[in-house]
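Report on one structure; see the data block that follows.
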Amino acid sequence: MAVFTYKAMEQGAGDITGTIAADTPRQARQLLRQRGLVVRDIADAGTSRSWRTIFRFDRTSRRSAIGHRIARRQSTELLRELSTLLAVGMPLTEALETCGAQHRGRFHASILLLRDQVASGASLAGAMQKQPRVFDELCINIAEVGEDAGTLDTSLERLADFRERSEQLRGRVATALIYPAIVTTTAVLCSIFLMTFVVPRILEPLIEQGLPLPFPTRVVKGISDFLVAWWWLILSIAAGAVAAVTALMRSLEMRRRWHGLLLRLPLLGDLIRKQATVHIAIVMATLLRSGIVLVRALQIAQRTTSNLVLREALHRCEATVAAGGDIAEAMRKTDAFGPLVVQVFALGAQSGRLEDMLDRLAESYERQVSTAAARLAAILEPCLIIALALIVLFIV
(Lines give C-alpha, C1' and ligand atoms only; values in the text may rest on other atoms or scores of the structure.)
Protein backbone atom coordinates (compact mmCIF):
# COMPACT_ATOMS: atom_id res chain seq x y z
CA MET A 1 0.00 0.00 0.00
CA ALA A 2 1.27 3.47 -0.96
CA VAL A 3 0.41 7.03 0.03
CA PHE A 4 -0.94 9.40 -2.63
CA THR A 5 -1.38 13.16 -2.50
CA TYR A 6 -4.44 14.56 -4.25
CA LYS A 7 -6.09 17.79 -5.29
CA ALA A 8 -9.87 17.60 -5.52
CA MET A 9 -13.00 19.73 -5.45
CA GLU A 10 -15.65 19.21 -2.80
CA GLN A 11 -19.15 20.59 -3.22
CA GLY A 12 -19.60 23.56 -0.93
CA ALA A 13 -15.96 23.57 0.18
CA GLY A 14 -14.04 24.39 -3.00
CA ASP A 15 -10.63 22.97 -3.79
CA ILE A 16 -9.01 20.76 -1.14
CA THR A 17 -5.75 18.83 -0.89
CA GLY A 18 -4.78 15.83 1.20
CA THR A 19 -3.37 12.31 1.24
CA ILE A 20 -4.89 8.87 0.93
CA ALA A 21 -3.53 5.31 1.25
CA ALA A 22 -4.26 2.90 -1.61
CA ASP A 23 -2.61 0.15 -3.60
CA THR A 24 -2.82 1.94 -6.96
CA PRO A 25 -3.66 5.45 -8.23
CA ARG A 26 -6.86 4.05 -9.74
CA GLN A 27 -7.97 2.68 -6.39
CA ALA A 28 -7.14 6.03 -4.78
CA ARG A 29 -9.35 7.83 -7.31
CA GLN A 30 -12.21 5.42 -6.63
CA LEU A 31 -11.94 5.94 -2.88
CA LEU A 32 -11.99 9.71 -3.34
CA ARG A 33 -15.02 9.53 -5.64
CA GLN A 34 -16.82 7.48 -2.98
CA ARG A 35 -16.30 10.44 -0.65
CA GLY A 36 -18.05 12.69 -3.15
CA LEU A 37 -14.89 14.42 -4.38
CA VAL A 38 -14.05 15.43 -7.94
CA VAL A 39 -10.39 14.49 -8.41
CA ARG A 40 -8.26 17.07 -10.23
CA ASP A 41 -4.80 15.60 -9.69
CA ILE A 42 -3.26 12.62 -7.88
CA ALA A 43 0.38 11.64 -7.40
CA ASP A 44 2.46 9.22 -5.39
CA ALA A 45 3.64 10.99 -2.25
CA GLY A 46 6.91 9.06 -2.48
CA THR A 47 7.70 10.57 -5.90
CA SER A 48 6.21 14.05 -5.59
CA ARG A 49 8.15 17.11 -6.56
CA SER A 50 8.70 18.23 -2.97
CA TRP A 51 10.21 14.91 -2.06
CA ARG A 52 12.60 15.02 -5.02
CA THR A 53 13.79 18.50 -4.20
CA ILE A 54 14.07 18.11 -0.44
CA PHE A 55 15.29 14.54 -0.19
CA ARG A 56 17.36 14.12 -3.34
CA PHE A 57 20.42 13.25 -1.27
CA ASP A 58 18.47 10.71 0.75
CA ARG A 59 17.28 8.99 -2.45
CA THR A 60 20.84 8.46 -3.61
CA SER A 61 22.13 7.29 -0.21
CA ARG A 62 19.21 5.53 1.39
CA ARG A 63 21.14 2.28 1.51
CA SER A 64 24.11 3.96 3.15
CA ALA A 65 24.85 4.31 6.84
CA ILE A 66 24.12 8.04 6.68
CA GLY A 67 20.63 7.41 5.31
CA HIS A 68 20.02 4.83 8.02
CA ARG A 69 21.06 7.25 10.77
CA ILE A 70 18.78 9.96 9.36
CA ALA A 71 15.79 7.59 9.33
CA ARG A 72 16.63 6.39 12.83
CA ARG A 73 16.84 9.93 14.19
CA GLN A 74 13.54 10.88 12.56
CA SER A 75 11.79 7.80 13.91
CA THR A 76 13.11 8.58 17.39
CA GLU A 77 11.62 12.06 17.13
CA LEU A 78 8.32 10.50 16.05
CA LEU A 79 8.31 8.13 19.02
CA ARG A 80 8.92 11.01 21.43
CA GLU A 81 6.17 13.13 19.86
CA LEU A 82 3.70 10.24 19.82
CA SER A 83 4.33 9.38 23.49
CA THR A 84 3.75 13.01 24.46
CA LEU A 85 0.50 13.34 22.50
CA LEU A 86 -0.87 9.98 23.65
CA ALA A 87 -0.05 10.83 27.28
CA VAL A 88 -2.37 13.86 27.15
CA GLY A 89 -5.24 11.73 25.80
CA MET A 90 -5.10 12.39 22.07
CA PRO A 91 -6.35 9.48 19.89
CA LEU A 92 -3.66 7.62 17.97
CA THR A 93 -4.86 8.63 14.49
CA GLU A 94 -4.99 12.31 15.47
CA ALA A 95 -1.57 12.04 17.09
CA LEU A 96 -0.12 10.58 13.89
CA GLU A 97 -1.80 13.35 11.87
CA THR A 98 -0.25 15.98 14.15
CA CYS A 99 3.19 14.35 13.98
CA GLY A 100 2.97 14.15 10.21
CA ALA A 101 2.60 17.92 10.04
CA GLN A 102 5.99 18.27 11.77
CA HIS A 103 7.92 16.43 9.06
CA ARG A 104 8.46 16.66 5.32
CA GLY A 105 9.55 14.46 2.44
CA ARG A 106 9.68 10.70 2.58
CA PHE A 107 9.30 10.47 6.35
CA HIS A 108 6.14 12.58 6.10
CA ALA A 109 4.77 9.98 3.67
CA SER A 110 5.73 7.19 6.07
CA ILE A 111 3.78 8.83 8.91
CA LEU A 112 0.75 9.34 6.67
CA LEU A 113 0.89 5.68 5.69
CA LEU A 114 0.94 4.74 9.39
CA ARG A 115 -2.04 6.99 10.03
CA ASP A 116 -4.11 5.61 7.18
CA GLN A 117 -3.38 2.00 8.11
CA VAL A 118 -4.24 2.64 11.76
CA ALA A 119 -7.43 4.42 10.70
CA SER A 120 -8.39 1.40 8.59
CA GLY A 121 -8.18 -0.85 11.66
CA ALA A 122 -4.55 -2.00 11.77
CA SER A 123 -2.51 -1.85 14.96
CA LEU A 124 0.40 0.56 15.23
CA ALA A 125 2.86 -2.33 15.48
CA GLY A 126 1.32 -3.97 12.41
CA ALA A 127 1.56 -0.73 10.46
CA MET A 128 5.18 -0.28 11.55
CA GLN A 129 5.99 -3.82 10.46
CA LYS A 130 5.19 -2.86 6.86
CA GLN A 131 7.98 -0.26 6.93
CA PRO A 132 11.08 -2.19 8.11
CA ARG A 133 13.44 0.46 6.70
CA VAL A 134 12.05 3.00 9.15
CA PHE A 135 10.99 0.94 12.19
CA ASP A 136 13.22 -1.86 13.47
CA GLU A 137 12.19 -5.03 15.29
CA LEU A 138 12.75 -3.50 18.72
CA CYS A 139 10.36 -0.65 17.90
CA ILE A 140 7.71 -3.01 16.55
CA ASN A 141 7.83 -5.34 19.55
CA ILE A 142 7.62 -2.57 22.14
CA ALA A 143 4.74 -0.92 20.28
CA GLU A 144 2.91 -4.27 20.16
CA VAL A 145 3.38 -4.88 23.90
CA GLY A 146 2.34 -1.31 24.71
CA GLU A 147 -0.86 -1.65 22.68
CA ASP A 148 -1.73 -4.98 24.30
CA ALA A 149 -1.14 -3.63 27.81
CA GLY A 150 -2.79 -0.26 27.19
CA THR A 151 0.45 1.58 28.01
CA LEU A 152 1.50 2.63 24.51
CA ASP A 153 2.53 6.13 25.57
CA THR A 154 4.83 4.81 28.32
CA SER A 155 6.30 2.12 26.07
CA LEU A 156 7.09 4.60 23.29
CA GLU A 157 8.65 6.98 25.81
CA ARG A 158 10.95 4.22 27.09
CA LEU A 159 11.92 3.33 23.54
CA ALA A 160 12.70 6.97 22.73
CA ASP A 161 14.80 7.22 25.92
CA PHE A 162 16.75 4.12 24.91
CA ARG A 163 17.48 5.42 21.43
CA GLU A 164 18.55 8.82 22.70
CA ARG A 165 20.88 7.24 25.27
CA SER A 166 22.42 5.04 22.58
CA GLU A 167 22.97 8.00 20.26
CA GLN A 168 24.52 10.07 23.06
CA LEU A 169 26.93 7.28 23.97
CA ARG A 170 27.91 6.73 20.35
CA GLY A 171 28.35 10.47 19.91
CA ARG A 172 30.62 10.81 22.95
CA VAL A 173 32.88 8.02 21.74
CA ALA A 174 32.99 9.39 18.19
CA THR A 175 33.74 12.91 19.42
CA ALA A 176 36.63 11.67 21.54
CA LEU A 177 38.21 9.96 18.52
CA ILE A 178 37.67 12.72 15.94
CA TYR A 179 40.82 14.68 16.81
CA PRO A 180 43.21 11.68 16.56
CA ALA A 181 41.64 10.80 13.21
CA ILE A 182 42.18 14.35 11.93
CA VAL A 183 45.80 14.37 13.10
CA THR A 184 46.50 11.00 11.45
CA THR A 185 44.96 12.11 8.16
CA THR A 186 46.92 15.37 8.26
CA ALA A 187 50.17 13.51 8.95
CA VAL A 188 49.69 11.20 5.97
CA LEU A 189 48.74 14.01 3.57
CA CYS A 190 51.60 16.26 4.71
CA SER A 191 54.12 13.43 4.33
CA ILE A 192 52.91 12.63 0.81
CA PHE A 193 53.03 16.30 -0.18
CA LEU A 194 56.57 16.76 1.16
CA MET A 195 57.92 13.57 -0.40
CA THR A 196 56.38 14.11 -3.85
CA PHE A 197 56.59 17.90 -4.36
CA VAL A 198 59.02 19.51 -1.91
CA VAL A 199 61.83 16.95 -1.58
CA PRO A 200 62.49 16.45 -5.35
CA ARG A 201 62.89 20.22 -5.86
CA ILE A 202 65.24 20.55 -2.90
CA LEU A 203 67.42 17.57 -3.88
CA GLU A 204 67.71 18.48 -7.55
CA PRO A 205 70.47 21.16 -7.17
CA LEU A 206 72.39 18.93 -4.73
CA ILE A 207 72.39 16.06 -7.19
CA GLU A 208 73.49 18.34 -10.05
CA GLN A 209 76.54 19.42 -8.02
CA GLY A 210 77.65 15.78 -7.75
CA LEU A 211 78.23 15.98 -4.02
CA PRO A 212 77.95 12.81 -1.91
CA LEU A 213 74.61 12.68 -0.06
CA PRO A 214 74.36 11.73 3.64
CA PHE A 215 72.55 8.51 4.53
CA PRO A 216 69.34 10.21 5.82
CA THR A 217 69.18 12.23 2.61
CA ARG A 218 69.60 9.08 0.49
CA VAL A 219 66.77 7.44 2.45
CA VAL A 220 64.45 10.40 1.87
CA LYS A 221 65.44 10.51 -1.83
CA GLY A 222 64.74 6.79 -2.26
CA ILE A 223 61.29 7.07 -0.69
CA SER A 224 60.52 10.18 -2.73
CA ASP A 225 61.61 8.57 -6.00
CA PHE A 226 59.55 5.47 -5.27
CA LEU A 227 56.42 7.51 -4.52
CA VAL A 228 56.83 9.63 -7.66
CA ALA A 229 57.57 6.68 -9.97
CA TRP A 230 55.27 4.04 -8.55
CA TRP A 231 52.32 6.01 -7.17
CA TRP A 232 49.97 4.12 -9.48
CA LEU A 233 51.20 0.80 -8.08
CA ILE A 234 50.66 2.00 -4.50
CA LEU A 235 47.12 3.11 -5.32
CA SER A 236 46.43 -0.20 -7.07
CA ILE A 237 47.68 -2.20 -4.08
CA ALA A 238 45.62 -0.06 -1.70
CA ALA A 239 42.48 -0.47 -3.83
CA GLY A 240 43.11 -4.22 -4.11
CA ALA A 241 43.55 -4.50 -0.36
CA VAL A 242 40.29 -2.64 0.27
CA ALA A 243 38.46 -4.87 -2.24
CA ALA A 244 39.96 -8.02 -0.68
CA VAL A 245 39.01 -6.98 2.84
CA THR A 246 35.49 -6.09 1.68
CA ALA A 247 35.12 -9.50 0.02
CA LEU A 248 36.43 -11.31 3.10
CA MET A 249 34.09 -9.40 5.42
CA ARG A 250 31.14 -10.79 3.47
CA SER A 251 31.98 -14.17 4.95
CA LEU A 252 30.24 -14.81 8.28
CA GLU A 253 33.22 -16.73 9.64
CA MET A 254 35.70 -13.95 8.75
CA ARG A 255 33.47 -11.31 10.35
CA ARG A 256 33.22 -13.42 13.49
CA ARG A 257 37.03 -13.76 13.66
CA TRP A 258 37.46 -10.03 13.08
CA HIS A 259 34.97 -9.17 15.81
CA GLY A 260 36.72 -11.57 18.17
CA LEU A 261 40.07 -9.92 17.37
CA LEU A 262 38.59 -6.48 18.11
CA LEU A 263 37.48 -7.65 21.56
CA ARG A 264 41.03 -8.88 22.33
CA LEU A 265 42.76 -5.62 21.41
CA PRO A 266 44.36 -3.79 24.35
CA LEU A 267 42.42 -0.71 25.52
CA LEU A 268 40.21 -0.62 22.42
CA GLY A 269 38.86 -4.14 22.97
CA ASP A 270 37.63 -3.35 26.47
CA LEU A 271 36.04 -0.15 25.18
CA ILE A 272 34.19 -2.03 22.41
CA ARG A 273 33.02 -4.75 24.81
CA LYS A 274 31.68 -2.27 27.35
CA GLN A 275 29.94 -0.18 24.71
CA ALA A 276 28.22 -3.31 23.35
CA THR A 277 27.31 -4.35 26.90
CA VAL A 278 25.69 -0.96 27.51
CA HIS A 279 23.62 -1.42 24.36
CA ILE A 280 22.52 -4.94 25.37
CA ALA A 281 21.68 -3.85 28.92
CA ILE A 282 19.56 -0.89 27.80
CA VAL A 283 17.74 -2.95 25.16
CA MET A 284 16.89 -5.73 27.61
CA ALA A 285 15.89 -3.32 30.39
CA THR A 286 13.59 -1.47 28.00
CA LEU A 287 12.02 -4.70 26.76
CA LEU A 288 11.57 -6.22 30.23
CA ARG A 289 9.95 -3.01 31.53
CA SER A 290 7.55 -3.12 28.60
CA GLY A 291 6.41 -6.60 29.60
CA ILE A 292 8.39 -8.76 27.15
CA VAL A 293 9.57 -12.10 28.57
CA LEU A 294 13.27 -12.79 29.08
CA VAL A 295 13.66 -15.28 26.21
CA ARG A 296 12.10 -12.87 23.73
CA ALA A 297 14.21 -10.00 25.09
CA LEU A 298 17.35 -12.07 24.50
CA GLN A 299 16.24 -12.80 20.93
CA ILE A 300 15.72 -9.10 20.16
CA ALA A 301 18.97 -8.12 21.91
CA GLN A 302 20.81 -10.55 19.63
CA ARG A 303 19.50 -8.90 16.47
CA THR A 304 20.40 -5.41 17.68
CA THR A 305 23.99 -6.42 18.61
CA SER A 306 26.50 -5.82 15.82
CA ASN A 307 29.40 -7.85 17.28
CA LEU A 308 29.00 -11.46 16.13
CA VAL A 309 30.90 -12.94 19.09
CA LEU A 310 28.55 -11.31 21.58
CA ARG A 311 25.55 -12.13 19.39
CA GLU A 312 26.44 -15.83 19.39
CA ALA A 313 26.96 -15.69 23.16
CA LEU A 314 23.47 -14.25 23.60
CA HIS A 315 22.09 -16.98 21.34
CA ARG A 316 23.59 -19.66 23.59
CA CYS A 317 22.15 -17.89 26.63
CA GLU A 318 18.74 -17.79 24.97
CA ALA A 319 18.86 -21.54 24.29
CA THR A 320 19.81 -22.25 27.91
CA VAL A 321 17.04 -20.04 29.34
CA ALA A 322 14.46 -21.53 26.95
CA ALA A 323 15.45 -24.98 28.25
CA GLY A 324 14.91 -23.84 31.83
CA GLY A 325 18.54 -23.09 32.72
CA ASP A 326 20.03 -20.18 34.64
CA ILE A 327 20.98 -17.16 32.56
CA ALA A 328 23.90 -16.13 34.77
CA GLU A 329 25.51 -19.57 34.51
CA ALA A 330 24.94 -19.55 30.75
CA MET A 331 26.65 -16.16 30.43
CA ARG A 332 29.56 -17.36 32.54
CA LYS A 333 30.13 -20.34 30.23
CA THR A 334 30.30 -18.15 27.13
CA ASP A 335 33.39 -16.25 28.39
CA ALA A 336 32.11 -13.27 26.39
CA PHE A 337 30.95 -11.15 29.34
CA GLY A 338 32.83 -9.83 32.35
CA PRO A 339 32.29 -11.05 35.91
CA LEU A 340 30.35 -7.89 36.81
CA VAL A 341 27.84 -8.48 33.99
CA VAL A 342 27.36 -12.11 35.05
CA GLN A 343 26.86 -11.06 38.68
CA VAL A 344 24.29 -8.42 37.70
CA PHE A 345 22.25 -10.99 35.78
CA ALA A 346 22.52 -13.46 38.68
CA LEU A 347 21.35 -10.96 41.30
CA GLY A 348 18.68 -9.51 39.02
CA ALA A 349 17.20 -12.94 38.26
CA GLN A 350 17.16 -13.88 41.96
CA SER A 351 15.60 -10.62 43.13
CA GLY A 352 13.12 -10.25 40.26
CA ARG A 353 14.48 -6.75 39.55
CA LEU A 354 16.62 -7.56 36.52
CA GLU A 355 15.56 -4.47 34.56
CA ASP A 356 16.61 -2.16 37.43
CA MET A 357 19.95 -3.93 37.77
CA LEU A 358 20.53 -3.68 34.01
CA ASP A 359 19.80 0.05 34.11
CA ARG A 360 22.40 0.52 36.84
CA LEU A 361 24.90 -1.59 34.90
CA ALA A 362 24.30 0.51 31.78
CA GLU A 363 24.79 3.76 33.69
CA SER A 364 28.01 2.49 35.25
CA TYR A 365 29.41 1.23 31.95
CA GLU A 366 28.33 4.43 30.16
CA ARG A 367 30.52 6.46 32.50
CA GLN A 368 33.38 3.99 32.08
CA VAL A 369 33.10 4.06 28.28
CA SER A 370 33.08 7.86 28.21
CA THR A 371 36.10 8.00 30.52
CA ALA A 372 37.97 5.31 28.57
CA ALA A 373 37.29 7.05 25.24
CA ALA A 374 38.55 10.36 26.65
CA ARG A 375 41.67 8.67 28.02
CA LEU A 376 42.33 6.88 24.74
CA ALA A 377 42.05 10.17 22.87
CA ALA A 378 44.33 11.84 25.45
CA ILE A 379 46.94 9.12 24.88
CA LEU A 380 46.68 9.13 21.10
CA GLU A 381 46.78 12.89 20.59
CA PRO A 382 50.34 13.57 21.89
CA CYS A 383 51.64 10.33 20.37
CA LEU A 384 50.34 11.26 16.94
CA ILE A 385 51.60 14.83 17.21
CA ILE A 386 55.07 13.61 18.21
CA ALA A 387 55.09 11.09 15.36
CA LEU A 388 54.09 13.81 12.88
CA ALA A 389 56.78 16.13 14.21
CA LEU A 390 59.46 13.40 13.94
CA ILE A 391 58.50 12.60 10.35
CA VAL A 392 58.65 16.25 9.32
CA LEU A 393 61.88 16.77 11.26
CA PHE A 394 63.53 13.78 9.56
CA ILE A 395 62.51 15.07 6.14
CA VAL A 396 63.75 18.58 6.94
Side-chain angles (χ1 to χ4, degrees), residues 72 75-76 79 83 123-126 128-129 132 135-167 169-170 273-338 340-366:
R72 182 180 176 86
S75 61
T76 302
L79 294 172
S83 66
S123 66
L124 179 62
M128 287 179 171
Q129 198 168 12
F135 305 102
D136 56 18
E137 185 179 4
L138 177 64
C139 183
I140 295 168
N141 278 271
I142 288 183
E144 182 179 5
V145 172
E147 286 180 303
D148 292 341
T151 58
L152 183 58
D153 55 335
T154 305
S155 298
L156 294 181
E157 183 180 7
R158 288 171 182 162
L159 180 58
D161 289 339
F162 154 70
R163 285 189 163 188
E164 288 172 357
R165 287 177 67 182
S166 298
E167 288 298 326
L169 178 62
R170 190 180 296 111
R273 189 187 302 273
K274 287 184 177 180
Q275 187 175 9
T277 302
V278 170
H279 179 82
I280 293 170
I282 298 176
V283 168
M284 293 193 64
T286 303
L287 292 170
L288 293 173
R289 276 206 173 87
S290 300
I292 294 177
V293 297
L294 181 58
V295 174
R296 183 60 179 162
L298 286 169
Q299 291 174 350
I300 298 174
Q302 289 173 46
R303 299 187 181 97
T304 60
T305 302
S306 58
N307 189 283
L308 292 182
V309 174
L310 297 179
R311 184 185 298 180
E312 292 174 1
L314 288 174
H315 178 70
R316 294 196 293 271
C317 293
E318 175 211 334
T320 301
V321 173
D326 180 64
I327 184 172
E329 184 62 26
M331 297 187 79
R332 185 179 293 109
K333 291 181 180 179
T334 63
D335 291 329
F337 302 96
L340 177 60
V341 179
V342 175
Q343 189 67 17
V344 164
F345 272 89
L347 294 176
Q350 292 173 6
S351 63
R353 298 172 56 245
L354 181 56
E355 57 271 24
D356 295 332
M357 299 290 289
L358 289 175
D359 262 339
R360 293 186 181 183
L361 174 67
E363 291 174 2
S364 174
Y365 268 21
E366 274 181 337

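Because the structure is predicted, anything quoted here is derived from the model rather than measured.
Rounded to the nearest 0.5 Å, atoms CG (Asn141) and OG1 (Thr286) are 12.5 Å apart. Put simply, SG on Cys317 and CD on Gln302 are 9.0 Å apart, with the number rounded to the nearest 0.5 Å. If you take CD1 on Ile142 and CD1 on Ile300, they are separated by 7.5 Å, rounding to the nearest 0.5 Å. For the atom pair CD of Gln343 and CZ of Arg332, the computed distance is 7.5 Å after rounding to the nearest 0.5 Å. Considering CD of Gln129 and SG of Cys139, their distance stands at 11.5 Å, rounded to 0.5 Å.
In this structure, the side chain of Thr304 engages the main chain of Ala301 through a donor-acceptor pair within 3.5 Å. Between the side chain of His315 and the main chain of Gln299, no donor-acceptor pair closer than 3.5 Å is present. Distance alone, capped at 3.5 Å, is enough to place a donor-acceptor pair between the Glu147 side chain and the Ala125 backbone.
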- request: With salt bridge (charged side-chain N to carboxylate O under 4.0 Å, His left out) as the test, would you mind laying out the steps for Glu363 and Arg360 before giving the verdict?
  value: CA-CA 5 Å; Glu363 291 174 2; Arg360 293 186 181 183; over 6 Å; no

task: May I have the step-by-step check of side chain to side chain contact (heavy atoms under 4.5 Å, CB included) for Leu347 and Met357, ending in yes or no?
output: CA-CA 8 Å; Leu347 294 176; Met357 299 290 289; 3.9 Å; yes

Check against side chain to side chain contact (heavy atoms under 4.5 Å, CB included), Arg311 and Leu308: CA-CA 5 Å; Arg311 184 185 298 180; Leu308 292 182; 3.7 Å; yes

- prompt: Where do Arg303 and Asp136 land on the salt bridge (charged side-chain N to carboxylate O under 4.0 Å, His left out) test, with the steps shown first?
  reply: CA-CA 10 Å; Arg303 299 187 181 97; Asp136 56 18; over 6 Å; no

message: Set out, in order, the CA-CA distance, both residues' side-chain angles and the distance that settles side chain to side chain contact (heavy atoms under 4.5 Å, CB included) for Leu294 and Met284, then state yes or no.
response: CA-CA 8 Å; Leu294 181 58; Met284 293 193 64; 3.5 Å; yes

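Looking at Arg163 and Leu79, their side chains come closer than 4.5 Å, going by heavy atoms from C-beta outward. Proximity of Ile280 to Leu358: side-chain heavy atoms (C-beta onward) are nowhere separated by under 4.5 Å. Using a 4.5 Å heavy-atom cutoff, the side chains of Thr154 and Arg158 are in contact. Here the side chains of Ile282 and Glu366 are in contact, with some heavy-atom distance below 4.5 Å. Side-chain atoms of Phe345 and Asp326, non-hydrogen and from C-beta on, never get closer than 4.5 Å to each other. A heavy-atom distance below 4.5 Å is not found between the side chains of Glu144 and Ser123.
Note on Arg289 versus Asp356: salt bridge recorded, some NZ/NE/NH1/NH2 to OD/OE distance being below 4.0 Å.
Here the closest non-hydrogen pair linking Glu157 and Ser83 is N-CB, 3.7 Å. Listed here is the closest heavy atom pair of Leu310 and Phe337: CD2-CE2, 4.2 Å.
When each of Thr334, Val321, Leu298 is paired with Arg316, the side chain to side chain contact (heavy atoms under 4.5 Å, CB included) condition holds for Thr334 and for no other.
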